Student: 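Attaching a single structure in structure tokens format; questions to follow.
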Amino acid sequence: MSRDQGRSAYLEYLNLDRILDAQRVRTEPEEHDEMLFIIFHQATELWFKLLLHELTAAREAFSKDEPVVPKLARTQQILLLLNNQWLILDTLTPAAFHRIRPLLGPASGMYSEQYRALEFLLGRRHPAWRDLAPEYATGPSLFDELIGYLHRRGHPVPKRFLEGDRCRSRDTTPELVGIFQGIYAAGHHGVEYEICEQLAGIDAYLREWRLRHLEIVRKHLADQPGTGGTSGAGYLSGTIDALYFPELVKPHDI
């Protein structure tokens, strides 16, 4: 194979022409840091796509009693990368951001279809946002399939958790804490224990992601409203401690 053939095959397989042509700087005169701002958010959306890919596969693996830990472990590593990615955006100064902001209009990560899809997949289903990711707004969440998986492995899951409405947002379920207490009490062994640790780690990384987002917004906006029409930092601060798997935290506290 010639060098030109190899180059063409690489470009074609990765569709690089389209990807590398997707960064359109709009500031006039050009703001140097706008390229950073665009690539940061585009890269975030690409990693969101991989998170959806892995977590959807994990949900299916639970439903089929197939190995799921490797998918959850990979999800944690993706989230670690996303958290570290904030360090790059943190080099954007508030002055540079405010030169970019007028071009954003109402654009906001609040309207990210993939972020809402991740929330729906993890069990947090806000009725007001279902139109952004309708294919993830119905059907079992990852937690629903986890509960079914644990039931089939002999854990005493109450019947109502196996037959409930899977379209609504999931509430914290204190009745299930005892099941996870039993899993943790069994010690550092067994696939159920490893699954719980992986899910708790995913929750911790997602909380850290929201916290780092809040810190960046405070740096760039202070008390100003967000571009999506929210109160900005005030809105984000209210989301920090909203866990997806709160039942997995309780056993460690006892």
Side-chain angles (χ1 to χ4, degrees), residues 1-61 64 66-122 132-136 142 198 201-202 205-206 208-210 212-213 216 219-220 227-228:
M1 179 182 293
S2 70
R3 180 178 297 178
D4 286 343
Q5 287 175 320
R7 173 181 172 276
S8 296
Y10 181 76
L11 291 172
E12 180 181 2
Y13 179 75
L14 294 177
N15 210 1
L16 283 180
D17 286 344
R18 292 185 63 189
I19 292 173
L20 298 179
D21 192 43
Q23 296 75 44
R24 305 296 177 88
V25 172
R26 300 183 183 184
T27 47
E28 294 182 2
E30 180 177 322
E31 169 55 53
H32 175 81
D33 286 349
E34 188 181 0
M35 183 65 74
L36 161 64
F37 187 82
I38 292 170
I39 289 177
F40 172 88
H41 289 88
Q42 289 178 340
T44 297
E45 290 291 340
L46 285 172
W47 289 119
F48 282 172
K49 184 171 184 175
L50 186 55
L51 284 174
L52 285 169
H53 178 71
E54 295 298 333
L55 289 173
T56 299
R59 181 179 62 177
E60 184 177 354
K64 297 180 178 179
E66 295 176 348
V68 68
V69 169
K71 298 175 179 64
L72 299 178
R74 181 179 293 170
T75 296
Q76 284 206 60
Q77 293 304 310
I78 297 166
L79 289 168
L80 175 61
L81 184 150
L82 278 166
N83 286 338
N84 287 333
Q85 193 171 271
W86 287 112
L87 297 173
I88 305 171
L89 192 63
D90 194 39
T91 64
L92 177 71
T93 65
F97 173 73
H98 282 281
R99 288 192 289 271
I100 299 167
R101 190 182 188 193
L103 300 172
L104 302 179
S108 168
M110 181 178 174
Y111 299 110
S112 167
E113 294 180 5
Q114 292 193 118
Y115 182 76
R116 294 302 172 185
L118 282 168
E119 289 207 308
F120 295 163
L121 183 55
L122 292 171
L132 287 181
E135 67 273 29
Y136 289 93
L142 187 70
Q198 292 291 336
I202 288 169
Y205 277 132
L206 284 166
E208 182 180 350
W209 189 87
R210 295 191 299 272
R212 293 195 179 195
H213 186 192
I216 290 288
K219 173 181 175 179
H220 290 155
T227 54

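All values derive from a computational prediction rather than experimental measurement. Atoms considered below: every heavy atom in the structure, side chains included; atoms not considered: hydrogens, waters and symmetry mates.
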Student: Could you tell me whether Lys49 and Glu45 make a salt bridge, using a distance below 4.0 angstrom between a side-chain N and a carboxylate O?
Tutor: no
Student: Could you give me the CA-CA distance, side-chain angles and deciding distance for Ile88 and Ile39, then say whether side-chain contact (heavy atoms from CB on, under 4.5 Å) is met?
Tutor: CA-CA 11 Å; Ile88 305 171; Ile39 289 177; over 6 Å; no
Student: Mind running side-chain contact (heavy atoms from CB on, under 4.5 Å) on Tyr136 and Leu52 for me, showing each step along the way?
Tutor: CA-CA 10 Å; Tyr136 289 93; Leu52 285 169; 4.1 Å; yes
Student: Show the nearest heavy-atom pair for residues Lys71 and Ala58, with the distance to one decimal.
Tutor: CD-N, 3.7 Å
Student: Classify the ring geometry between Phe97 and His220 as parallel (under 30°), tilted (30 to 60°) or perpendicular (over 60°).
Tutor: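 Plane angle under 30°, so parallel.
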Student: What orientation do Trp209 and Trp86 show, parallel under 30°, tilted 30 to 60°, or perpendicular over 60°?
Tutor: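 Taking Trp86 first and then Trp209, their aromatic rings sit tilted (interplane angle of 30° to 60°).
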Student: Just distance, no hydrogens or angles: give the donor-acceptor pairs under 3.5 Å from side chains in residues 11-23, sequence neighbours left out.
Tutor:
{"from": "Asp21", "atom 1": "OD2", "to": "Arg24", "atom 2": "NH2", "distance (Å)": "2.8"}
{"from": "Gln23", "atom 1": "NE2", "to": "Ile19", "atom 2": "O", "distance (Å)": "3.0"}
{"from": "Gln23", "atom 1": "NE2", "to": "Gln42", "atom 2": "OE1", "distance (Å)": "2.6"}

Student: Report the residues that fulfil side chain to side chain contact (heavy atoms under 4.5 Å, CB included) with Ala61, sequence neighbours left out, ordered by chain and then residue number.
Tutor: Glu66, Val68
Student: Looking at Arg116 and Glu113, is any side-chain nitrogen of the basic one under 4.0 Å from a carboxylate oxygen of the acidic one?
Tutor: no
Student: Within a 6.0 Å radius of atom CD on Glu135, are there more than 12 heavy atoms belonging to other residues, nucleotides or ligands?
Tutor: yes
Student: Begin from the C-alpha positions of Tyr205 and Ile78 and carry the test side-chain contact (heavy atoms from CB on, under 4.5 Å) through to its verdict.
Tutor: CA-CA 10 Å; Tyr205 277 132; Ile78 297 166; over 6 Å; no
Student: Does a sphere of radius 6.0 Å around CZ in Arg210 hold more than 12 heavy atoms from other residues, nucleotides or ligands, not counting ones at 6.0 Å or beyond?
Tutor: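 For Arg210, atom CZ is crowded (more than 12 foreign heavy atoms under 6.0 Å).
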